[in-house]
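Below you'll find the structure, written out as structure tokens, and then a few comments.
Below, chain A is the first sequence line, B the second, and so on; all start at residue 1. Quick caveat, the model's predicted, so the values are computed rather than measured.
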Amino acid sequence: MVAVTFPDGARREYPANTTGLDIAKGISPSLAKRTVAMALDGVSMDLADPIEQDAKIEFLTRDDPRALELIRHDAAHVMAEAVQALWPGTQVTIGPVIDNGFFYDFHRNAPFTPEDLPVIEKKMREIIAKDAPFTKEVWPREEAKRVFKDKGETFKVELVDAIPPGQDLKIYRQGEWFDLCRGPHMTSTGKIGNAFKLQKVAGAYWRGDSNNPMLTRIYGTAFAKQEELDLHLKQIEEAEKRDHRKLGREMDLFHFQEEGPGSVFWHPNGWTIFQEIVAYMRRRLKGDYREVNAPQLLDKSLWETSGHWGWFRENMFMAQSAGDHTEDERVFAIKPMNCPGHVQIFKHGLRSYRELPLRMAEFGVVHRYEPSGALHGLMRVRAFTQDDAHVFCTEEQMADECLKINDLILSTYTDFGFEGDLTVKLSTRPEKRVGSDEAWDHAEGIMQEVLQRIAKSNNRIKTAINPGEGAFYGPKFEYVLRDAIGRDWQCGTTQVDFNLPERFEAFYIAADGSKKAPVMIHRAICGSMERFLGILLENYAGHLPLWLAPVQAVVTTITSDADDYAREIHAACIRAGLRAELDVRNEKINYKVREHSLAKVPALLVAGKKEAAERTVSIRRLGSDGQQVMPLDAALAALANEAVAPDLRRVQNAA
RNA sequence: GCUGCCGUAGCUCAGUGGUAGAGCACUCCAUUGGUAAUGGAGAGGUCGAAAGUUCAAUCCUUUCCGGCAGCACCA
């Protein structure tokens, strides 16, 4: 006998191997009918699974949040059946549930096209309508291999081989069709419902390895209810609307063109935002950091010493004299990182322990040859500006420096309006690395301790470990912020480096007169300024806070009678330190409002005859329909106050 | 880099084996209007590049360049 505890706390005994379905039926046929799966002690299972030991049971309906995964997984199976029915000879591989849906990878000579998707969807609806039960069988390993081999499913044979010995090989059937799968599944295909959609086709490497053949992947999503699916599709649309590449065009911020793949042409508006961010960072560095600038082009030998030529070469640009008749054959690399340059500055002259920690910052432009397929607007470029810094310190100072950096990173994100969850991930030693295991043990140990202190210091912070994701020269923290629509972005990083100073034989004179290698901490807050700007744009959907907006106000007129007054307002805006433009074009006010609204100008200062007579201004704020008439002086004072950067406001408030 | 799709005016996109079209933007003219598109006229393109097939290529083929989605990568 097994004892089963129900959600209401009731406990009943059943003969061993009674199934969940038996129990549900025993309670009521309607319960059995609407139950799609069960959870035993919180673990989702097939409803038809026998209950082998005492457990808490829950019957999952379609509406249970835990059933969503099952709906999607079942949909993936049905999609695979549909595809094989439509295109016999297509091999199936794997089809897992992912964050917002599911996919299934197929092997087929001709890839799928988007036009195939509605056809597959139609077939899926037919299969779902048949409502065939999902049934599970456990097959002997050899039989499974033979069956799949006979069917020509060579990828499945590989999957069977990959299942650790001793584990059951489960086969799920739905009508005629079956698939190797670890389950669980719902009771029948009809439970999937019709709130699903196939979204896109894409290539994907077999087992995620770029050495393997490429399969065709079909992505889809499914929900319990049509309204949920509609909402989800709507959200995707919304996210597309705030695509920074689109906003960049609309707001006239930047552009890309063929001759400079992955390199940004910054327009005046975009560069204004960029410089505003840099100015903010500079203010935050004041007092602690010294800003430097290291060469863009350095001899290859320096990169050999640093290890980049060995480890990073694929991502580096090389440069030589372009002259036809030059005898100078020297090979230079365009810097992909600032650190070797900073070590040279550290090394110039004798350093004393008294100078440590020595914090060296640079808004350095680095170039990296990123794979063409990785390029993506401002988010992934080949030339970008890092808000980079290197802290040279003693080992004893290291933990404190990491914490100090942590404070700077957190407050910076808050100032830029990222107030949601933050994750700090510790990335540990990668396979390709320099330095001894002892050095790595040591560095990771310290980082681990710091991570715990960071976690305790602030309840916004979640922590995680990324095994094997560290830099080739040392472990690192990665700071991941969450934007307004819930997407995570890795921006800041703190990396501990015991290697580079040693490679360059950098040292300082310690208190006892001996030479010691400093510890080097690499640190970035925004990471890439270009990317950070892109993230900001998407976070705010282009509606930047006033202090970041490239054009903070446009002064415009109802009729040309007010032109002179508008000029006066504009001049007053400039005096008040606002980035303001004047628009006295002979256009209707509707037209001008529309145009500046589309350009995401935060404040529109409108002057007509009435305003000119009363020395007021009609203010229309981006995103609101109405307007407010205010005395000019008061309006400008309010705007100027709003435009104060958050860090400067802190200073003001403290005074 | 890989797979698929795409590349026509500044932007968004039609279109055809016989060297091109719309809307918006731009220029000019008229219009002086109260908060998301005033009307008219004009100008604007080696149809991504090169080679090939063809009497003829923007259209078909190949290669290259660039973009998009996903995968891989993000040291």
Side-chain angles (χ1 to χ4, degrees), chain A residues 98 103 105 108 110-116 199-219 240 243 245-246 249-250 252 255-262 307-308 310-316 336-337 368-377 379-382 384 427 429-434 468-474 476 478 490 493 495 522 527-528 531 556-563 584-599 604-611 618-629:
Chain A
I98 50 172
F103 66 77
D105 285 348
R108 185 182 167 220
F112 297 102
T113 68
E115 290 76 55
D116 294 331
Q199 295 166 295
K200 53 194 166 198
V201 292
Y205 297 108
W206 168 233
R207 298 182 145 190
D209 184 335
S210 56
N211 298 312
N212 286 342
M214 185 154 275
L215 309 168
T216 321
R217 174 172 298 179
I218 301 180
Y219 283 95
E240 279 167 9
D243 187 317
R245 293 166 299 184
K246 192 166 173 283
R249 252 197 317 274
E250 290 167 358
D252 192 17
H255 84 267
F256 291 90
Q257 64 188 47
E258 290 203 8
E259 292 84 348
H308 287 83
W311 296 109
F312 204 70
R313 195 175 162 186
E314 299 303 303
N315 293 277
M316 288 165 69
M337 295 187 193
R368 298 182 184 175
Y369 186 83
E370 300 286 349
S372 59
L375 301 179
H376 181 88
M379 302 304 191
R380 192 83 177 269
V381 288
R382 286 183 176 161
F384 59 100
S427 295
R429 71 194 79 184
E431 269 178 46
K432 273 169 67 174
R433 63 177 182 265
V434 293
E469 299 284 315
F472 70 80
Y473 45 75
K476 64 183 184 185
E478 291 180 344
Q490 196 239 301
T493 171
Q495 313 178 355
H522 308 241
S528 147
R531 182 165 171 275
T556 192
T557 48
I558 307 279
T559 71
S560 53
D561 292 338
D563 284 3
V584 289
R585 289 176 303 168
N586 176 11
E587 294 291 350
K588 292 197 170 169
I589 188 63
N590 282 314
Y591 180 89
K592 292 193 276 196
V593 165
R594 175 180 153 83
E595 198 167 71
H596 296 122
S597 298
L598 288 175
L604 215 52
L605 308 186
V606 181
K609 266 189 215 163
K610 219 169 94 190
E611 286 79 7
S618 166
I619 303 184
R620 184 189 172 100
R621 295 300 301 256
L622 180 64
S624 69
D625 280 336
Q627 52 272 339
Q628 195 187 0
V629 179

Compare the minimum distances between each of [options] and the side chain of [X], then state the nucleotide with the smallest one.
X	options	answer
Tyr473(A)	G67(B), A75(B), U32(B)	A75(B)
Lys609(A)	A75(B), G34(B), G66(B)	G34(B)
Gln627(A)	C73(B), A69(B), U35(B)	U35(B)
Arg620(A)	U35(B), A72(B), G70(B)	U35(B)
Val606(A)	A75(B), G33(B), U35(B)	U35(B)
Arg245(A)	A69(B), A75(B), U35(B)	A69(B)
Arg594(A)	G34(B), G66(B), A37(B)	A37(B)
Pro261(A)	G67(B), U3(B), U32(B)	G67(B)
Ala374(A)	C71(B), A72(B), U38(B)	A72(B)

Could you give the distance separating [M] and [N] at their [atom1] atoms, to the nearest angstrom?
N	M	atom1	answer
A49(B)	G33(B)	P	49 Å
G18(B)	G23(B)	C1'	28 Å
U8(B)	A57(B)	C1'	14 Å
A69(B)	U27(B)	C1'	39 Å
A20(B)	C59(B)	C1'	12 Å
A22(B)	C60(B)	P	23 Å
U38(B)	C24(B)	P	11 Å
A51(B)	G70(B)	P	36 Å

Any donor-acceptor N/O pair under 3.5 Å between [N] base and [X] side chain:
X	N	value
Ser618(A)	U35(B)	yes
Arg380(A)	C73(B)	yes
Tyr369(A)	G1(B)	no

Would you classify [X] as touching base, sugar-phosphate or nothing, given that sugar-phosphate means primed atoms plus P, OP1 and OP2, and contacts are heavy atoms under 4.0 Å?
X	result
Arg249(A)	sugar-phosphate
Lys592(A)	nothing
Ser210(A)	sugar-phosphate
His376(A)	sugar-phosphate
Gln257(A)	nothing
Asp209(A)	nothing
Lys200(A)	sugar-phosphate
Gly626(A)	nothing
Lys476(A)	sugar-phosphate

Whole-Å distance separating the [atom1] atom of [X] from the [atom2] atom of [N]:
X	N	atom1	atom2	value
Tyr219(A)	G70(B)	OH	P	8 Å
Glu250(A)	G10(B)	CD	P	19 Å
Ile619(A)	U35(B)	CD1	P	17 Å
Arg433(A)	A75(B)	CZ	P	16 Å
Phe103(A)	C71(B)	CZ	P	8 Å
Asn212(A)	G1(B)	CG	C1'	15 Å
Lys610(A)	G33(B)	NZ	C1'	15 Å
Glu595(A)	C24(B)	CD	P	13 Å

So what's [N] paired with, Watson-Crick or G-U wobble, going by both distances under 3.5 Å?
N	value
G33(B)	none
C74(B)	none
A22(B)	U12(B)
C28(B)	G40(B)
A57(B)	none
C68(B)	G4(B)

Would you tell me if any nitrogen or oxygen in the side chain of [X] comes within less than 4.0 Å of OP1 or OP2 on [N]?
X	N	value
Ser372(A)	G1(B)	yes
Asn590(A)	A36(B)	yes
His255(A)	C11(B)	no
Tyr591(A)	A25(B)	yes

Residue met sooner reading RNA chain B from 5', once Trp311(A) and Ser560(A) are mapped to nucleotides
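Between the two, 5'-proximity favours Ser560(A).
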If you assign Gly260(A) and Leu598(A) each to the RNA chain B nucleotide with the nearest heavy atom, which residue ends up on the more 5' nucleotide?
Leu598(A)
Inspect the contact between Lys476(A) and Glu478(A) and indicate whether a charged nitrogen and a carboxylate oxygen are less than 4.0 angstrom apart.
yes
Arg245(A) bridged to Asp243(A) by N-O distance under 4.0 Å:
yes
Any Arg433(A) side-chain heavy atom under 4.5 Å of Trp311(A) side chain:
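Answer no - side chains too far apart.
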[Y] backbone acceptor or donor facing [X] side chain under 3.5 Å:
X	Y	answer
Arg620(A)	Asp625(A)	yes
Arg368(A)	Asn315(A)	no
Arg313(A)	Gly310(A)	no

Please determine if Arg531(A) forms a cation-pi arrangement with Phe384(A), meaning its NZ or CZ atom is less than 6.0 Å from the six-membered ring centre and no more than 45° off the ring axis.
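Checked: cation-pi criterion not met.
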Can you tell me if Thr556(A) and Lys592(A) form a side-chain donor-acceptor pair at under 3.5 Å?
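Yes - a donor-acceptor pair under 3.5 Å links their side chains.
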Cut-off 3.5 Å, side chains only: do Tyr219(A) and Arg217(A) have a donor facing an acceptor?
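The criterion, which ignores hydrogens and geometry beyond distance, is satisfied for Arg217(A) and Tyr219(A).
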Does atom CD of Gln257(A) have more than 12 heavy-atom neighbours, drawn from other residues, nucleotides or ligands, at distances under 6.0 Å?
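Result for CD/Gln257(A): enclosed.
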